[in-house]
Amino acid sequence: MDDKLLKTENLVKIYGTKIQTKVLHGVNLDIDYKEFVSIIGPSGSGKTTLLNILGTLDNASSGKILFRGKDLTLMNDKELAEFRNINLGFIFQFHHLLPEFTALENVLIPTWIKYKSPTSKLMDRAKELLEIVGLKERMNNKSTDLSGGQQQRVAIARSLINNPALVLADEPTGNLDTESTDQVYELLRTINKDMGTTFIVVTHDRHLASKSDRVIEMIDGNIDKDYLTASKGENLWECLAPEHCIYFQKKFKSTEK
Ligand SMILES: Nc1ncnc2c1ncn2[C@@H]1O[C@H](COP(=O)(O)OP(=O)(O)OP(=O)(O)O)[C@@H](O)[C@H]1O
Ligand SMILES: [Mg+2]
């Protein structure tokens, strides 16, 4: 097994042919197993582009993506579709639930590729996931009969149905009120801790980002800063919110006396 879950080498993305816009300028990134990483940065800095390329939903113009040491840029479309289905979960800002289907049916959608009708094991797993996200009682509700926060929780359960090693989330709380935002983020954190799922979450919210293990700040298609928060490690050189930061906690403690 490779020492990192995900690595990128010099990822470049150029949009357009006649008029070319370079939006990723050679991104090098290592993601550890079970890490919870936030990506922040101004609008247009390339966060979604990077996430889509990491999720193989879009192609890089050049560079490599290694997942458990295997180069994804060498796979064909069929292999990539299978790879995504087995290894990745996706959560988007707008949940993309199917309105005519119940919460339970929506959670099972990613299994359709493999199974025409769900096995009883998958049904049990879907119900269990809906219980984890606090929606067991609502599993037979149509998705349109759920609140925004509840729909996003269904989308979280859906992203986990195939037990992915990595979940990629693009502003999963961008469309929610403050209370639902906190609940959804806590939920992602709990899943990360309990199931060992790795998360890469794009967010505009610095406060939320500071609750991750690690924060990557993008500016103009480059990684500008990459640092660990208190929950993760020791070799911290900068942090977003002092109360979440080991370095500052130590510093405050030593000056308090
Ligand atoms: N399909 C496309 N064709 C051309 N340019 C694009 C395309 N998609 C994105 N871009 C450009 O790439 C740059 C990065 O966009 P991206 O969506 O990755 O930014 P972002 O950091 O996710 O921004 P936001 O916070 O607003 O979601 C932007 O300048 C955008 O205009
Ligand atoms: Mg974006």
Side-chain angles (χ1 to χ4, degrees), residues 6-31 35-67 72-73 77 80-81 84 88-97 148-149 151-153 155-156 158-159 164 166-178 180-182 184-185 187-188 192 198-227 229 238 240-241:
L6 189 71
K7 274 188 205 175
T8 71
E9 290 176 12
N10 232 358
L11 272 190
V12 171
K13 179 67 180 178
I14 299 168
Y15 282 118
T17 43
K18 272 191 184 163
I19 301 169
Q20 298 196 331
T21 319
K22 201 173 187 182
V23 295
L24 294 182
H25 294 260
V27 171
N28 293 300
L29 194 62
D30 283 355
I31 304 288
E35 204 167 25
F36 195 106
V37 181
S38 288
I39 300 181
I40 60 171
S43 182
S45 57
K47 305 180 298 293
T48 296
T49 304
L50 176 62
L51 205 74
N52 287 346
I53 292 174
L54 295 179
T56 73
L57 299 172
D58 193 5
N59 293 318
S61 304
S62 62
K64 281 185 179 178
I65 310 168
L66 304 168
F67 188 91
L72 303 183
T73 52
D77 286 351
L80 282 177
R84 278 194 297 271
L88 304 184
F90 294 93
I91 309 169
F92 302 97
Q93 179 175 1
F94 301 98
H95 41 73
H96 302 306
L97 298 184
Q151 291 183 30
Q152 195 56 303
R153 283 189 270 149
I156 292 168
R158 180 185 58 185
S159 77
L166 173 63
V167 170
L168 299 165
D170 196 355
E171 304 202 35
T173 58
N175 209 20
L176 303 178
D177 59 40
T178 315
S180 307
T181 292
D182 285 343
V184 165
Y185 219 79
L187 181 60
L188 298 184
N192 162 250
T198 304
F199 279 84
I200 304 179
V201 182
V202 168
T203 176
H204 270 115
D205 191 327
R206 282 182 173 269
H207 175 67
L208 287 184
S210 68
K211 293 180 177 177
S212 316
D213 296 328
R214 174 177 164 199
V215 181
I216 292 171
E217 276 194 55
M218 291 191 71
I219 293 185
D220 292 337
N222 288 303
I223 293 178
D224 183 55
K225 289 178 185 146
D226 185 346
Y227 43 92
T229 64
E238 185 169 0
L240 295 169

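The shown structure was predicted, so the numbers you read here are calculated from the model rather than taken from an experiment. Remember, it's 1-based here, ligands and their atoms both numbered in the order they're listed. Throughout, residue positions are numbered sequentially from 1 according to the sequence presented.
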- Note on the structure: Taking every heavy atom of P42 against every heavy atom of I219, the minimum-distance pair comes out as CD-CG1, 4.3 Å
- Measure from the side-chain N and O atoms of T229 to the backbone N and O of K211, and report whether any donor-acceptor pair falls under 3.5 Å. no
- Item | Heavy-atom pair with the smallest gap, counting every atom of S38 and A209 | OG-CA, 3.5 Å
- Query: Hey, do the aromatic rings of F199 and Y185 have their centres closer than 6.0 Å?
  - Reply: no
- If you take all heavy atoms of G221 and V27, which pair is closest and at what distance? O-CG2, 3.8 Å
- Query: At what distance, to the nearest 0.5 angstrom, does OG1 of T173 lie from CD of Q93?
  - Reply: 8.5 Å
- Taking C-beta and beyond as the side chain, do P172 and I156 meet within less than 4.5 Å on heavy atoms? no
- Output, in order, the C-alpha distance, side-chain angles, deciding distance and verdict of side-chain contact (heavy atoms from CB on, under 4.5 Å) for R153 and V184. CA-CA 7 Å; R153 283 189 270 149; V184 165; 4.3 Å; yes
- Heavy-atom pair of closest approach, residues L6 and L166: CD2-CD2, 4.1 Å
- Query: In order of chain and number, which residues sit within 4.0 Å of ligand 1 by heavy atom?
  - Reply: Y15, V23, P42, S43, G44, S45, G46, K47, T48, T49, E171, H204
- Query: Tell me, which protein N/O/S atoms are under 2.8 Å away from the Mg ion (ligand 2)?
  - Reply: T48 OG1
